[in-house]
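Lettering follows sequence order; numbering is per chain, from 1.
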Protein chains: 2
Amino acid sequence: MARPQSALEIVRTRSLTSLVQQEIESMILSGRIKAGERLNEQVLAAKLGVSRGPVREATRGLERAGLVTAVVNYGVYVRKVSREEAFELYDLRALLTGFACQRLAETASGEQRRHLSNLVSRMDAAARSGNSTTYYALNLEFHDALMRFAGNGRAKQIDESLIKEMHLFRQRSLVAPANMLESNAEHQAIVAAIGAGDAEAARRAGETHVRGGRRRFSGAVPEIKSAGPPMSAGPSTAKRPSKGGNHEPATRQQPRRRS
Amino acid sequence: MARPQSALEIVRTRSLTSLVQQEIESMILSGRIKAGERLNEQVLAAKLGVSRGPVREATRGLERAGLVTAVVNYGVYVRKVSREEAFELYDLRALLTGFACQRLAETASGEQRRHLSNLVSRMDAAARSGNSTTYYALNLEFHDALMRFAGNGRAKQIDESLIKEMHLFRQRSLVAPANMLESNAEHQAIVAAIGAGDAEAARRAGETHVRGGRRRFSGAVPEIKSAGPPMSAGPSTAKRPSKGGNHEPATRQQPRRRS
DNA sequence: CAATTGAAAACTGTTGACAGTTTACAGTGG
DNA sequence: CCACTGTAAACTGTCAACAGTTTTCAATTG
């Protein structure tokens, strides 16, 4: 039964569907497939070298994750996250982050506190030297550690899902160099409150930080009136959504029956 | 093939997969399929009169929803929610409910406040007359209205998902008649705080209420039987349990035909 | 008689094909 | 020249079959 342990072994343990889903998700989050664009099952299957079955299952999984929306007999679209929906996501993430911080103030171990503090220090160095990519990576790691240490697996899972959804709104955004110091000051406040064991202050600091991210971001983008097709607002616009173009399914007309 | 039925025409607009998923979900939540049990694709497909494709997609959707866990080359199991996981779910729901109450205290319209107050009154009547089924239905409606009025669609969706997951733990539970009055008193506190526009009090009342539900429930169930299945860890490392269901002592899989 | 081994059965993963529906486009008539 | 209609193409939904893997059980062997 000796099986060659190699890269293929990974393929063995992970189903094709999960690999396809990961790949499509990567395409979406990296922007290679833009928001509002339609996913052609056949094209994707051919591009990935599999049949349509795994592609279908993968897209359905992404639908559950909120990254795409599926319309029967019509196709799967990369979801468009409106400004209001993005604000809702920020609110939820603020809530979850505050919860995690509160919990950490009550239960964090010394090692965990040190780890968080260490991350803040390294972010400070990255911010001062203007290294935004390093700061970005450390920032992700910091938030991941917060949720991981909080000891609520479901909360962490939901948070990650929300983060992915938010990527659909802010195509790249990230953190402007000028904002890194401000952002990290809030990180420091979180770590300080956790270190002091002040649960209420930690919760507030966590909420404030994510809300601060929302404010920093919403200030940066004045309006979403960019190159995207303005189909979302006006259902009275003459052109109906076509399979070839990038349009939002939104409200689909009643299936008219012609013989 | 020109189907004349109008009822089936409605089926047209909804995909078969979604119907199958709804049906399987109903089987799970109603307890017709017990926790830890394996879902046989072929049997389900035959029972529902469809092929395995839609059944597969449906089960994958349920996996995303957290109701089942899938293992490659092995099958899909109804998830077992441990005591600790159930507590995590309660914590998250408390958080979301508190958030909704806080938001409502700030933004609820007069009509919304009246609607909530009306529900509490009717629950009070049901509680005093010992009508637990009516109370249960009104309770669901109350919590649904809370999340609906809060104006955060994603929060509502997550909350509903958490509620479904919790059903996997407490098979029936519900609210004991003796607890109805206590539970509704907390409802009244929520409505009062919202009516007064006190966001902080509303948030606390909402959190307290769900935590109260957790307390009322956790007091009722002394302990969960051990025999912990190694499913909770990553599926990549652990040795697989047998398909015959060795870790499920009570319910054994149906014996296979063999000559 | 117990342990082992080999093969068949059962089940999941994946694929290809068929059916129904929607869109696109060309042809026709005003 | 524009609107309308009918047909063809493309795409999704669904199904049936094939392939790989795991489990079960009987036969064999010590």
Side-chain angles (χ1 to χ4, degrees), chain A residues 1-3 8-9 11-21 37-46 48-61 63 68-77 238-247 249 252-259, chain B residues 1-3 8-9 11-21 37-46 48-61 63 68-77 235 239-248 252-259:
Chain A
M1 212 182 193
R3 211 168 285 143
L8 244 84
E9 187 64 17
V11 178
R12 267 280 180 274
T13 58
R14 293 182 63 88
S15 113
L16 245 190
T17 297
S18 68
L19 293 175
V20 170
Q21 181 168 341
E37 203 164 328
R38 197 168 71 94
L39 301 181
N40 187 318
E41 289 183 358
Q42 295 185 124
V43 172
L44 276 175
L48 298 176
V50 298
S51 78
R52 279 177 51 215
V55 173
R56 274 185 69 84
E57 289 187 13
T59 53
R60 290 317 188 276
E63 183 187 18
V68 303
T69 55
V71 183
V72 286
N73 279 325
Y74 195 71
V76 175
Y77 285 78
K239 209 172 160 202
R240 58 184 294 169
S242 75
K243 260 181 183 167
N246 312 340
H247 298 285
R252 182 179 173 220
Q253 286 101 337
Q254 289 295 332
R256 52 167 199 194
R257 303 218 152 269
R258 298 191 331 175
S259 56
Chain B
M1 59 168 81
R3 293 201 172 144
L8 272 173
E9 195 63 20
V11 176
R12 268 296 160 62
T13 59
R14 290 182 64 90
S15 140
L16 243 190
T17 297
S18 69
L19 293 175
V20 170
Q21 181 168 340
E37 203 165 328
R38 196 166 70 95
L39 300 181
N40 187 317
E41 289 182 359
Q42 296 184 129
V43 172
L44 276 176
L48 297 175
V50 299
S51 80
R52 280 176 50 215
V55 173
R56 274 184 70 84
E57 289 187 12
T59 53
R60 291 315 189 278
E63 183 187 17
V68 303
T69 54
V71 183
V72 286
N73 277 327
Y74 189 68
V76 175
Y77 281 79
K239 127 174 168 31
R240 293 187 185 174
S242 103
K243 250 179 193 168
N246 63 350
H247 65 77
E248 192 63 26
R252 174 154 176 77
Q253 292 287 334
Q254 52 187 5
R256 293 182 185 166
R257 294 174 287 110
R258 175 125 182 110
S259 59

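- Here D:dC11 presents its P atom at 14 Å from CD of A:E37, a figure rounded to the nearest Å.
- One atom, CG of B:N73, and another, P of D:dT21, lie 7 Å apart when rounded to the nearest Å.
- Applying the 4.0 Å criterion to OP1 and OP2 of D:dT23, one finds that B:R38 has every side-chain N and O outside that range.
- Residues passing the side-chain hydrogen bond (donor to acceptor under 3.5 Å, both in side chains) test with A:T59, sequence neighbours excluded: none.
- Listed by chain and number, the residues in a salt bridge (Lys or Arg N to Asp or Glu O under 4.0 Å) with B:R56 are A:E57, B:E41 (sequence neighbours excluded).
- Checking the phosphate oxygens (OP1, OP2) of D:dA10, no side-chain nitrogen or oxygen of A:N40 falls inside 4.0 Å.
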Taking only nitrogen or oxygen atoms into account, show me every contact under 3.5 Å that the protein makes with nucleotides 15-18 of chain D, one pair per line with its distance.
{"residue": "D:dC15", "atom": "OP2", "partner": "B:S51", "partner atom": "N", "Å": "3.0"}
{"residue": "D:dC15", "atom": "OP2", "partner": "B:S51", "partner atom": "OG", "Å": "3.1"}

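- One can place CD of A:E41 at 12 Å from C1' of D:dT14, the figure rounded to the nearest angstrom.
- The distance from atom CD of B:Q42 to atom C1' of C:dA10 is 7 Å, rounded to the nearest whole Å.
- When side chains are defined from C-beta on, A:V20 counts as touching A:V50, because their heavy atoms get closer than 4.5 Å.
- Closest approach of B:R38 to B:Y77, counting heavy atoms only: CD-OH, 3.2 Å.
- The nearest whole Å value for the distance from the CZ atom in B:R60 to the C1' atom in C:dG13 is 9 Å.
- The nearest pair of heavy atoms linking A:Q21 to A:G61 is NE2-C, 3.8 Å.
- In this entry the distance linking CD of A:E63 with P of D:dT12 reads 14 Å, nearest Å.
- Side-chain atoms of B:V76 and B:R60, non-hydrogen and from C-beta on, do get closer than 4.5 Å to each other.
- The interatomic distance linking A:Y74 (OH) with D:dC11 (P) rounds to 13 Å, in whole Å.
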